[in-house]
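From a predicted model like this one, the values you see are computed outputs, not experimental measurements.
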There are 2 protein chains.
Amino acid sequence: MSEKVKNETDAVDAIMAQWQREKPEFDLTAMEVLGRLKRASAMLSPKIEKVFLEFGLNQPEFDVLATLRRSGAPYCLAPTELFSTLMVTSGTMTNRMAQLEKKGLIERVPNPDDARSKLVKLSDKGFELIEAILPHHVQNGLSLIAGVDGGSLSDLNQSLKDLLTALGTSEAE
Amino acid sequence: MSEKVKNETDAVDAIMAQWQREKPEFDLTAMEVLGRLKRASAMLSPKIEKVFLEFGLNQPEFDVLATLRRSGAPYCLAPTELFSTLMVTSGTMTNRMAQLEKKGLIERVPNPDDARSKLVKLSDKGFELIEAILPHHVQNGLSLIAGVDGGSLSDLNQSLKDLLTALGTSEAE
DNA sequence: TAAATTTATCTTGACCTCAAGATAAATCAG
DNA sequence: CTGATTTATCTTGAGGTCAAGATAAATTTA
């Protein structure tokens, strides 16, 4: 458990030391791990988005194209499925779709089963773009975690899975 | 390392299965762990902010008050120290300070050493509010991770620390 | 089948954030 | 000491998100 030999301190250690001094009566175990989780996510986000920006997409736009792409042919989903998968509101999805449609990366096609919605479909241009980005995105991810040894990474993955399971998951990338 | 017996699947497993089907040639190890990290953070944020909202603060406002509080008496910092600690821009900090000042939770006092800036100081009201919130915040954090067993949590904390160290940290809560 | 209800999406208004440029004080060069 | 540069902060304009309300189609009920 805590038999590792690493003595390096990160920014969260400094924060915890302050809290310990000011509020010694608090059990800080949760704040520590939750603080690290938040910080890690915050630091990684711009590094991940950087690749998308080089291809003219921001993170939200990439998320939509990636969700359509991994759904498999014909790369077509209902808006409801998209925004529930992506954990955003319907209004947010409306904006994103308008943006992507203007760029010609998706198309709205009539839903034969439900006239209240139009389906969202990856255009040829959108398909080609996401295909072009994906290898770079995957490689970028590998680079970002390259400094962490395999065992620690495997621990991290399993622990996060435990946490997500405990929370009861949902959302996408 | 991977000798645990848990077979539960989370949402990221489903996403990875789609990618595996569509893009079997990709090494998805990074996407998997980064996806879980992002998702865990996204799911936790509203649950953490909920406590602050009950006290009339949002997350950004809490962050400022908490940073001042843990800095210790006299609970007074320069804007630059605040926004670099909190990893936001100076303009964002300007807005937050205006908000908190309007609520009477902070005061701007002249900086004797540098007339370009005014120091930000927790007001009595601000101090009392953060003191009132903190126990609830700490308890809430403990509740949020209650479903994860101690060993997994300890692994998670250490792995995140490894990751943050590898990334080269910065920011606050 | 017509009214009531539910579902799927869009619209509106407000909030938070950032990047880039503007201001003003502090510090440095000569 | 004076102009040039750096530093600290604020202002402005644009983007992304959400909550709540508005629409309109689908479904249920009588």
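- The distance between atom CZ of A:Phe52 and atom P of D:dG16, rounded to the nearest whole Å, is 15 Å.
- At whole-Å resolution of the value, CG in B:Asn95 and P in C:dC18 are 10 Å apart.
- When heavy atoms are screened at a 4.0 angstrom cut-off, A:Ser117 is found touching the sugar-phosphate backbone but no base atom.
- Distance alone, capped at 3.5 Å, places no donor-acceptor pair between the B:Lys118 side chain and the B:Ala78 backbone.
- Heavy atoms of B:Glu61 sit nowhere under 4.0 angstrom from any nucleic acid atom.
- Relative to the side chain of A:Arg108, the nucleotides D:dC18, D:dT11, C:dC10 differ in distance, and C:dC10 lies closest.
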For salt bridge (charged side-chain N to carboxylate O under 4.0 Å, His left out), just list the numbers for A:Asp13 and A:Arg36, CA-CA rounded to whole Å, side-chain angles, deciding distance to a tenth of an Å, and then say yes or no. CA-CA 9 Å; A:Asp13 280 330; A:Arg36 287 205 164 88; 2.9 Å; yes
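- Distances from the side chain of B:Thr89 to the nucleotides D:dG16, C:dC18, C:dT17 place C:dC18 closest.
- Atom-to-atom, CZ of A:Arg116 to C1' of C:dT6 comes out at 8 Å; the value is rounded to the nearest Å.
- For the pair A:Leu77 CG and C:dA8 P, the computed distance is 15 Å after rounding to whole Å.
- Protein atom CG of A:Leu57 is 11 Å distant from nucleotide atom P of D:dG16, rounded to whole Å.
- Within the 4.0 Å cut-off from OP1 or OP2 of D:dG16, at least one side-chain nitrogen or oxygen of A:Asn58 is found.
- The side chain of A:Gln99 contributes no N or O atom lying less than 4.0 Å from OP1 or OP2 of D:dG15.
- The CD atom of A:Gln59 sits 10 Å away from the P atom of D:dT17 (whole-angstrom rounding).
- As a whole-Å value, the separation of A:Met93 CE from C:dC10 P is 10 Å.
- Rounded to a whole Å, the CG atom of A:Asp114 is 7 Å from the P atom of C:dA8.
- For the pair B:Asn157 (side chain) and B:Ser154 (backbone), a donor-acceptor distance under 3.5 Å is absent.
- Between the side chain of A:Ser90 and the base of C:dC10, a donor-acceptor pair under 3.5 Å is found.
- Under the 3.5 Å distance criterion, the side-chain polar atoms of A:Ser152 are left unmatched by any main-chain donor or acceptor of A:Val148.
- Remark: side-chain polar atoms of A:Lys47 are not paired, donor with acceptor, to backbone N or O of A:Asn140 under 3.5 angstrom.
- In this structure, A:Ala115 and A:Gly91 both approach DNA chain D, and ranking their closest nucleotides by distance from the 5' end singles out A:Gly91.
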